[in-house]
Amino acid sequence: MRKIILLFFGILLFSCGKKVIEKPEKLIPQEKMVAILHDLAILNSAKSSFNHVMENKGIKVMEFLYEKHQIDSTQFSQSDLYYASVPLEYQAIYEKVEMKLETRRATLERATKNRNDSIRKAQKKKTDSIAKLKVDKTKS
């Protein structure tokens with residue numbers, strides 16, 4: 001039984017060291033892959049919310065990404081498949097994408113809060129000036 005377990009772990013260890021997929025000739029660098037996947041996440045989100053607008057404008061998400069990042073579908077597919085075969089690199093890529101998305105979300109939340117605060121201040125100032133006019137009018 002012990003020999004079988006050792007053999008199993010030996011095979012497992014040997015198979016983990018083997019490359020499953022060879023590195024493609026036109027591998028997209030990790031940082032560019034992060035940018036592509038970040039844009040893809042944003043575009044897919046926009047598509048789910050505004051699908052009719054994107055269809056009316058003739059925007060196709062993947063074609064847009066390929067043109068923007070100057071890649072083709074084969075290069076993207078092969079690079080994605082390669083990174084998926086190297087789990088630690090793939091995880092690092094997706095963690096960077098997640099951080100970029102979180103940073104963007106926080107920036108948008110701050111901008112929305114600032115805009116709402118400005119509107120609130122303007123409304124308060126308007127209300128205060130109207131109240132002051134009413135007080136001045138009653139004193140006259």
Side-chain angles (χ1 to χ4, degrees):
M1 185 67 172
R2 184 185 288 179
K3 289 180 182 180
I4 293 173
I5 292 172
L6 286 174
L7 180 64
F8 173 75
F9 281 114
I11 292 171
L12 184 64
L13 184 65
F14 178 73
S15 66
C16 288
K18 232 181 181 182
K19 281 191 177 181
V20 178
I21 295 178
E22 291 298 318
K23 191 174 185 178
E25 189 175 306
K26 292 183 175 182
L27 180 67
I28 298 171
Q30 274 192 10
E31 288 307 312
K32 189 171 185 177
M33 196 69 170
V34 168
I36 293 168
L37 293 173
H38 172 261
D39 289 346
L40 180 61
I42 295 207
L43 287 168
N44 280 336
S45 178
K47 186 177 180 181
S48 68
S49 297
F50 303 104
N51 189 35
H52 62 284
V53 175
M54 292 178 85
E55 282 180 4
N56 289 342
K57 299 285 183 182
I59 298 171
K60 294 182 179 162
V61 171
M62 294 311 291
E63 288 178 18
F64 176 80
L65 278 177
Y66 299 149
E67 187 176 321
K68 178 182 178 187
H69 293 283
Q70 299 172 347
I71 58 172
D72 59 37
S73 60
T74 305
Q75 187 180 8
F76 177 73
S77 296
Q78 288 176 345
S79 296
D80 190 52
L81 186 62
Y82 172 75
Y83 286 124
S85 74
V86 186
L88 292 178
E89 285 186 42
Y90 208 50
Q91 181 180 356
I93 288 170
Y94 272 93
E95 285 173 355
K96 288 177 184 175
V97 170
E98 190 175 341
M99 283 191 307
K100 282 183 79 164
L101 290 170
E102 182 58 32
T103 301
R104 177 168 260 194
R105 184 192 62 76
T107 301
L108 290 173
E109 282 181 354
R110 275 194 307 279
T112 301
K113 183 184 179 307
N114 290 342
R115 186 192 73 216
N116 290 344
D117 289 347
S118 295
I119 291 170
R120 222 175 280 115
K121 284 179 186 176
Q123 287 174 339
K124 185 174 178 2
K125 186 176 180 181
K126 182 179 177 182
T127 304
D128 289 347
S129 63
I130 291 172
K132 185 178 179 190
L133 283 174
K134 286 181 182 179
V135 169
D136 288 346
K137 195 173 190 181
T138 55
K139 286 184 181 179
S140 298

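Being a predicted model, the structure only gives us computed values, none of them experimental.
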Donor-acceptor contacts, no H, no angles, side chain residues 58-69, under 3.5 Å, sequence neighbours left out:
unit_1, atom_1, unit_2, atom_2, d
Lys68, NZ, Asp39, OD2, 2.8
His69, NE2, Asp39, OD2, 2.7

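For Ser48 against Ser45, the heavy-atom pair with the smallest separation is OG-O, 2.8 Å.
The pair Lys121-Asp117 does not count as a salt bridge, with every side-chain nitrogen at least 4.0 angstrom from each carboxylate oxygen. Salt-bridge annotation for Arg105 and Glu109: present, with a side-chain N of the basic residue lying under 4.0 Å from a carboxylate O of the acidic one.
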>> One pair to check against side chain to side chain contact (heavy atoms under 4.5 Å, CB included): Gln78 and Glu25. What are the steps and the verdict?
In response: CA-CA 9 Å; Gln78 288 176 345; Glu25 189 175 306; over 6 Å; no

>> The test is side chain to side chain contact (heavy atoms under 4.5 Å, CB included); show your working for Lys32 and Ile71 and say whether it passes.
In response: CA-CA 10 Å; Lys32 189 171 185 177; Ile71 58 172; 4.0 Å; yes

> Which is it for Lys113 and Asn116 under the side chain to side chain contact (heavy atoms under 4.5 Å, CB included) test, yes or no, and what are the steps along the way?
Replying inline: CA-CA 5 Å; Lys113 183 184 179 307; Asn116 290 344; 5.8 Å; no

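Here the CG-NZ distance, from Leu101 to Lys96, works out to 14.5 Å after rounding to the nearest 0.5 Å. A distance of 11.0 Å separates CG in Leu37 from CD in Gln30, rounded to the nearest 0.5 Å. Taking OG of Ser118 as the reference point, atom CD of Gln123 lies at 11.0 Å (rounded to 0.5 Å). For the atom pair CG (Asn51) and CG (Asn44), the distance works out to 10.5 Å, reported to the nearest 0.5 Å. Atom CD in Glu102 sits 14.0 Å away from atom CD in Glu95 (nearest 0.5 Å). Taken to the nearest 0.5 Å, the CG atom of Asn56 stands 11.5 Å off from the CE atom of Met54.
Using a 4.5 Å heavy-atom cutoff, the side chains of Arg110 and Thr107 are in contact.
Between the side chain of Ser79 and the backbone N or O of Gln75, at least one donor-acceptor pair lies under 3.5 Å. In this structure, Glu89 contributes its side chain and Tyr83 its backbone to no donor-acceptor pair below 3.5 Å. Here the side chain of Ser85 pairs a donor or acceptor atom with the backbone of Tyr82 at under 3.5 angstrom. Formation of a donor-acceptor pair under 3.5 Å by the Asp80 side chain with backbone atoms of Phe76 is not found in this model.
No chain of hydrophobic side-chain contacts below 4.5 Å, direct or via other Ile, Leu, Val, Met, Phe, Trp or Tyr residues, connects Met99 to Val34.
Around the CD atom of Gln70, the shell of radius 6.0 Å holds no more than 12 heavy atoms that belong to other residues, nucleotides or ligands. Remark: Lys100 NZ is packed, more than 12 non-hydrogen atoms of other residues, nucleotides or ligands lying under 6.0 Å away.
Through side-chain heavy atoms spaced under 4.5 Å, either directly or across other Ile, Leu, Val, Met, Phe, Trp or Tyr residues, Val53 is tied to Phe50.
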